[in-house]
Amino acid sequence: MSSRAAERHAAHGVGYLAAPVFGRVPVAEAGQLSILAGGPDDLIDQVQPIFDVIGSRTWRLGDLPEQANAVKVLGNYMVACVIRSLGETVGVAERAGIDAAGVIDLLTATLFPGAVYASYGQLIAQRRYRPAGFTTSLGRKDLHLALDAADGLGVRLPFGEVLRTVFADAVAEGRGNDD
């Protein structure tokens with residue numbers, strides 16, 4: 001879609017770039033988003049002052065807008081993979097009588113530091129799924145975008161097929177508006 005948009009803009013002498021972001025609501029509110037920019041450098045340079053207000057860093061990912069969008073979709077695919085593994089870990093820990101929040105603290109302080117593991121890990125351990133910062137339905141949409149993009153390039157995402165079932169089941173169970 002962004003490739004077609006770039007072509008249509010060019011036909012009218014107008015530049016086009018893509019700038020999806022990584023960061024949940026608190027990150028956006030703090031002006032700390034990661035900006036994923038795809039497009040000609042001169043266009044990115046023109047809007048960089050705006051990016052500097054809303055983000056902590058602009059990642060230039062190529063001369064084509066669709067390159068930034070591909071990275072965004074693949075990043076969200078990885079988040080979905082992390083969430084699934086965290087959910088399974090919490091489930092097993094709880095069955096073993098282990099404090100899930102403590103396990104998440106340990107894992108995010110040692111093996112898996114980072115915002116995605118820490119924030120989603122705590123949400124899962126505390127079973128806080130509402131209000132959603134990013135709904136299951138939106139996650140399913142992004143998963144399908146990643147699977148479609150990979151398929152279009154002749155690449156398989158085997159775990160993505162597992163996630164397709166997980167998302168479909170969650171939505172069917174009425175959890176489409178949960179985080």
Side-chain angles (χ1 to χ4, degrees), residues 1-6 16-39 44 51 54-62 64-90 104 107-108 111-179:
M1 182 179 238
S2 62
S3 177
R4 288 192 311 260
Y16 179 84
L17 59 88
V21 299
F22 284 140
R24 291 172 62 91
V25 171
V27 175
E29 291 173 340
Q32 296 296 306
L33 293 167
S34 291
I35 314 292
L36 314 177
I44 296 171
F51 292 167
I54 65 172
S56 62
R57 180 169 176 185
T58 300
W59 301 83
R60 295 179 184 230
L61 298 167
L64 303 174
E66 59 266 28
Q67 292 169 312
N69 292 330
V71 172
K72 170 63 176 176
V73 167
L74 292 171
N76 284 1
Y77 171 73
M78 290 183 68
V79 170
C81 293
V82 167
I83 290 169
R84 180 64 190 180
S85 67
L86 286 165
E88 291 176 1
T89 298
V90 165
I104 295 299
L107 294 175
T108 58
L111 300 175
F112 303 103
V116 172
Y117 283 98
S119 64
Y120 281 108
Q122 288 303 318
L123 290 173
I124 291 167
Q126 297 166 11
R127 298 187 186 282
R128 270 189 315 159
Y129 308 121
R130 290 202 182 180
F134 195 78
T135 66
T136 299
S137 293
L138 288 174
R140 182 173 75 166
K141 181 257 315 167
D142 281 359
L143 170 66
H144 289 173
L145 289 172
L147 290 169
D148 290 347
D151 185 57
L153 296 169
V155 178
R156 288 188 60 241
L157 297 176
F159 193 67
E161 295 303 327
V162 171
L163 290 174
R164 184 191 309 264
T165 301
V166 170
F167 275 107
D169 290 349
V171 170
E173 292 169 8
R175 296 189 156 284
N177 291 321
D178 288 358
D179 206 325

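Quick caveat, the model's predicted, so the values are computed rather than measured. Values below: every heavy atom of this structure, side chains too, minus hydrogens, waters and symmetry copies.
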J.: Rounded to the nearest 0.5 Å, how far does CZ of R4 lie from CD of E66?
T.: 11.0 Å
J.: Using the side chain to side chain contact (heavy atoms under 4.5 Å, CB included) rule, take V79 and F134 through it: C-alpha gap first, then chi angles, then the decisive distance, then the call.
T.: CA-CA 11 Å; V79 170; F134 195 78; over 6 Å; no
J.: Tell me the closest heavy-atom pair linking T58 and A37, and the distance in Å.
T.: CG2-CB, 3.9 Å
J.: So V73 and N76, do their side chains get closer than 4.5 Å, heavy atoms only?
T.: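 The answer is no; the side chains never approach within 4.5 Å.
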J.: Just how far is it from atom CD1 of I35 to atom CZ of F51, taken to the nearest 0.5 Å?
T.: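 The CD1 atom of I35 sits 6.0 Å away from the CZ atom of F51.
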J.: To the closest 0.5 Å, what do you measure between CG (L153) and CG (D148)?
T.: 11.0 Å
J.: Given V25 and E29, is the side chain to side chain contact (heavy atoms under 4.5 Å, CB included) satisfied, shown in steps?
T.: CA-CA 6 Å; V25 171; E29 291 173 340; 3.5 Å; yes
J.: Rounded to the nearest 0.5 Å, how far does CD1 of I83 lie from CZ of F167?
T.: 6.5 Å
J.: Report yes or no: does K72 contribute a side-chain atom to a donor-acceptor pair with the main-chain N or O of V21 at less than 3.5 Å?
T.: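 Yes; at least one donor-acceptor contact below 3.5 Å.
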J.: For L143 and R164, which heavy atoms make the closest approach, and how far apart are they?
T.: CD2-N, 3.3 Å
J.: Please report the interatomic distance CG(L74) to CG(N69), rounded to the nearest 0.5 Å.
T.: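 Those atoms lie 11.0 Å apart.
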J.: If you define the side chain from C-beta out and look only at heavy atoms, does anything of D179 sit under 4.5 Å from R128?
T.: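 No, too far: nothing below the 4.5 Å cut-off.
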J.: Could you pull out all residues at least two apart from F112 that satisfy side-chain contact (heavy atoms from CB on, under 4.5 Å)?
T.: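 Once residues adjacent in sequence are excluded, the partners of F112 under the side-chain contact (heavy atoms from CB on, under 4.5 Å) criterion are L107, Y117.
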J.: Just wondering, do V171 and S137 contact through their side chains at under 4.5 Å, heavy atoms?
T.: yes
J.: For F159 and C81, work out which heavy atoms get closest and say how close.
T.: CD2-SG, 3.5 Å
J.: I want to check something: taking the side chain as every heavy atom from C-beta on, are D151 and L147 in contact at a cut-off of under 4.5 Å?
T.: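 Side chain of D151 against side chain of L147, heavy atoms only: no contact under 4.5 Å found.
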J.: What are the two closest heavy atoms between Y77 and G160, and how far apart are they?
T.: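 For Y77 and G160, the tightest heavy-atom pair comes out as OH-N, 3.2 Å.
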J.: I want to check something: taking the side chain as every heavy atom from C-beta on, are R140 and T136 in contact at a cut-off of under 4.5 Å?
T.: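 When only atoms from C-beta onward are counted, T136 and R140 do not touch, as no gap falls below 4.5 Å.
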J.: Taking all non-hydrogen atoms of both residues, which atom of G39 and which atom of I44 are closest, and how far apart?
T.: O-CD1, 3.5 Å
J.: Quick one: closest heavy-atom pair of Y129 and R175, and the distance?
T.: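 Looking at all heavy atoms of both residues, the closest pair is CD1-NH1, 4.2 Å.
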J.: Test of understanding: with side-chain contact (heavy atoms from CB on, under 4.5 Å), list the residues that count as partners of R57, not counting sequence neighbours.
T.: W59
